[in-house]
2 protein chains.
Amino acid sequence: MARPRTPLLSRERIITAALRLVDAEGLDALSTRRLATELSVSGPSLYNHFGTKDELLDAVVDSVMGEVDLSMFTPGAPWPEALRAWARSYRAALAAHPNVVPVLAQGPGRRPNALRLADAVFGCLVESGWPRGQATRIGALMRYFVTGSALASFAAGFPEDAGLYDAADYPHLGEAHRLAEHRGAIDEGAFETGLEALLDGLALRFERTAEGARRAGGDR
Amino acid sequence: MARPRTPLLSRERIITAALRLVDAEGLDALSTRRLATELSVSGPSLYNHFGTKDELLDAVVDSVMGEVDLSMFTPGAPWPEALRAWARSYRAALAAHPNVVPVLAQGPGRRPNALRLADAVFGCLVESGWPRGQATRIGALMRYFVTGSALASFAAGFPEDAGLYDAADYPHLGEAHRLAEHRGAIDEGAFETGLEALLDGLALRFERTAEGARRAGGDR
DNA sequence: GTCTATACGCGGATAGAC
DNA sequence: GTCTATCCGCGTATAGAC
């Protein structure tokens with residue numbers, strides 16, 4: 001076969017197949033040949049649609065970022081509620097595709113959906129009265145927490161091999177081999193606990209900042 | 001050359017060279033051939049000391065974990081201070097080797113230093129009066145935050161290309177191209193702000209937990 | 001503009017000689 | 001314990017068919 005009447009491939013189809021492959025078998029399984037086979041096409045055909053493998057990976061990552069709901073960032077929305085709803089939506093999108101998180105955690109790069117997200121968070125905080133410097137820090141720290149929580153399941157990181165946790169070496173880890181049983185609940189509980197603690201701690205700071213600003217007549 | 005009188009290689013020497021290579025040029029630069037060249041040795045010689053490349057990588061990662069100070073977890077130490085000091089030491093160790101963080105964030109695996117760390121944190125929290133379930137969650141959420149913050153510089157994630165931040169697309173990101181200028185300060189500020197917020201929020205919860213436990217006569 | 005065939009160099013890993 | 005030789009899969013460049 002040479003040039004078919006209707007194209008076999010499209011960016012959409014390639015991205016979808018690539019994401020499915022990465023979700024199912026990890027980042028390493030995404031090879032151009034493997035992906036091409038999955039699409040019933042021969043290796044280098046992909047290069048008609050993407051310049052390099054990295055460009056393809058970028059598109060895959062941004063398609064995941066596109067699943068994050070940003071509708072809570074409407075003008076006038078109170079920042080703690082908006083941040084809470086966004087963090088949950090963000091985590092849900094990443095947790096559905098944990099294997100792409102190491103790529104996405106490197107920063108927004110030039111990916112439009114990632115930049116849109118950063119813009120929305122920063123905008124909400126500034127409009128709520130946070131000084132710009134603080135808003136930058138809070139955007140960063142929320143990203144730290146959410147990507148860290150999505151990067152890998154905490155509970156799954158401990159091998160289930162009970163013999164590993166010798167009381168002489170690890171006096172407090174005796175039950176660690178049973179963590180995997182409640183994996184999802186532990187990860188979600190840790191995320192929710194951390195999120196609420198973070199928001200409480202930031203609210204404390206906001207009161208102080210607002211008070212300081214009122215007294216001194218503006219911060220920067 | 002065949003078998004030398006005194007071995008040219010040792011696990012120590014290999015690990016040190018591998019870590020230097022990963023730090024300087026990233027995870028992708030760590031190939032068995034490249035590493036062998038760096039050690040003035042021929043490719044497959046490394047397989048006399050490590051079964052697979054993954055085993056080598058595991059050893060490299062655990063050597064980084066070994067740099068984390070755990071001395072603050074002495075019996076009787078107040079948990080907020082211990083957690084604060086540990087988080088800083090943990091972040092410092094990871095920030096010195098950001099390229100290995102994606103590997104290490106996957107969980108402790110069977111790496112002894114990683115397990116020792118998890119054991120120390122959990123033990124301190126339980127001895128301080130946190131219920132075991134809460135202690136597990138707090139260990140997880142602290143790991144989320146610290147690994148997330150070490151995974152990549154927030155500020156460096158935004159391209160310096162000013163033309164990228166078109167006000168029509170990203171109304172609040174106008175100054176984002178200048179983030180890289182103060183990269184280190186932004187990352188550290190975000191980490192410290194998040195850490196203090198987290199500890200404040202957890203302290204609030206601890207008071208409630210302790211009160212509840214006092215009233216109900218024990219939690220678990 | 002979209003596909004196939006072919007080819008190059010580099011990656012991890014193994015086998016066997018010394 | 002280290003070498004050389006070798007295998008196979010990878011990303012991707014190039015050439016040519018339609």
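Chain identifiers are assigned alphabetically (A, B, ...) following the order of the sequence lines, protein sequences preceding nucleic acid strands; residue numbering begins at 1 within each chain.
- The ring of B:Tyr144 has its center no closer than 6.0 angstrom to the ring center of A:Tyr144.
- Side chain of A:Ser128 to backbone of A:Cys124: a donor-acceptor contact under 3.5 angstrom is found.
- Relative ring orientation between B:Trp79 and B:Trp130 is described as perpendicular, the plane-to-plane angle rising above 60° on a 0-90° scale split at 30° and 60°.
- Separation of atoms NZ (A:Lys53) and CG (A:Leu46) is listed at 11.0 Å; rounding is to 0.5 Å.
- What separates CG of B:Leu9 from C1' of D:dC3 is a distance of 13 Å, to the nearest Å.
- In this structure, CG of A:Asn48 is placed 17 Å from P of D:dC18, rounded to the nearest angstrom.
- In terms of modelled atom types and a separation under 3.5 Å, the side chain of A:Ser63 and the main chain of A:Val60 share a donor-acceptor contact.
- The interatomic distance linking A:Ile14 (CD1) with C:dC3 (C1') rounds to 12 Å, in whole Å.
- One can place CG of A:Leu46 at 13 Å from P of C:dT2, the figure rounded to the nearest angstrom.
- Across the protein-nucleic acid pair, A:Phe50 atom CZ and D:dG11 atom P stand 15 Å apart, rounded to whole Å.
- What separates CG of A:Leu39 from C1' of C:dC3 is a distance of 13 Å, to the nearest Å.
- In this model, a donor atom of one side chain and an acceptor atom of the other lie less than 3.5 Å apart for B:Ser71 and B:Asp69.
- Within the structure, every side-chain polar atom (N or O) of B:Ser42 is placed at least 4.0 Å from both OP1 and OP2 of D:dT2.
- Summarising the geometry, the separation between CZ on A:Arg11 and C1' on C:dT2 is reported as 15 Å, rounded to the nearest angstrom.
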Give me, pair by pair, the N or O atoms of the protein and of nucleotides 7-10 of chain D that are less than 3.5 Å apart, along with how far apart they are.
none

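- Between B:Tyr170 and B:Tyr165, the angle of the ring planes goes over 60°, which puts this pair in the perpendicular group of the 30/60° scheme.
- Contact annotation: A:His49 does not reach the phosphate of C:dG1 (side-chain N/O to OP1 or OP2, under 4.0 Å).
- Both B:Asp28 and A:Ser45 lie close to DNA chain C; mapped to their nearest nucleotides by heavy-atom distance, the more 5′-ward contact belongs to A:Ser45.
- For A:Pro44, the listed nucleotide lying nearest its side chain is C:dA5; candidates were C:dC3, C:dA5, C:dT14.
- Note: OH (B:Tyr47) to P (D:dG1) measures 17 Å, nearest angstrom.
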